[in-house]
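Reviewing the structure listed below.
First listed ligand is number 1; within each ligand, the first listed atom is number 1.
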Amino acid sequence: MLTKINHIGIAVTSLDDAIPFYRDALGMSFAGTEEVVEQKVRVAMLHVGESMIELLEPTSEDSPVARFIEKNGAGIHHIAYEVEDIEAAIATLLASGNRMIDEKPRHGAHGSSIAFIHPKSSKGVLTELCQAGH
Ligand code: CO
């Protein structure tokens, strides 16, 4: 069902502050920034091998990422696994008794479709399923 780790999401207070560390100090290749209005975040993607690091900066105080930082501080926010068919993956998880935050896929960065598994089911790790956009 899962094909690889697509990205690890990291909550940051400022992309401008965080990007130089990942791009310059760690030498990751920077793939650009994008605002995901639906999730009230600005996102920066950086390539590392076949996976990516997704930096998430909240764009408003009621952004879920703003609430995460308030509660936990900046740091690892979620892990995203790539799937070939996100609707099938959601159906499989629901059929085996798991809870989804998103029972229907929604829009992620770069034309992807994403859905989050409820952390109660994924043992405390916020887990995203991600189907690449075409
Ligand atoms: Co993500």
Only pairs under 3.5 Å count here: list side-chain donor-acceptor contacts from residues 4-15, not counting sequence neighbours, and write none if there are none.
{"residue": "Lys4", "atom": "NZ", "partner": "Glu50", "partner atom": "O", "Å": "2.7"}
{"residue": "Asn6", "atom": "ND2", "partner": "Glu82", "partner atom": "OE1", "Å": "2.7"}
{"residue": "His7", "atom": "NE2", "partner": "Glu54", "partner atom": "OE1", "Å": "3.2"}
{"residue": "His7", "atom": "NE2", "partner": "Glu54", "partner atom": "OE2", "Å": "3.4"}
{"residue": "His7", "atom": "NE2", "partner": "His78", "partner atom": "NE2", "Å": "3.3"}
{"residue": "His7", "atom": "NE2", "partner": "Glu128", "partner atom": "OE1", "Å": "3.2"}
{"residue": "Ser14", "atom": "OG", "partner": "Asp16", "partner atom": "N", "Å": "3.3"}
{"residue": "Ser14", "atom": "OG", "partner": "Asp17", "partner atom": "N", "Å": "3.0"}

> Under 2.8 Å from the Co ion (ligand 1), protein N/O/S atom count?
Replying inline: 4

> Going by heavy atoms in the side chains, are Leu126 and His77 under 4.5 Å from each other?
Replying inline: yes

> Knowing that exactly one of Leu55, Thr59, Val36 qualifies, which makes a side chain to side chain contact (heavy atoms under 4.5 Å, CB included) with Val41?
Replying inline: Val36

> Below 4.5 Å, heavy atoms only, C-beta onward: do Glu35 and Arg42 meet side chain to side chain?
Replying inline: yes

>> A side-chain contact here means heavy atoms from C-beta on lying under 4.5 Å apart; do His118 and Asn98 qualify?
In response: no

> Do you know the tightest heavy-atom contact between Leu129 and Val83?
Replying inline: CD2-CG1, 4.1 Å

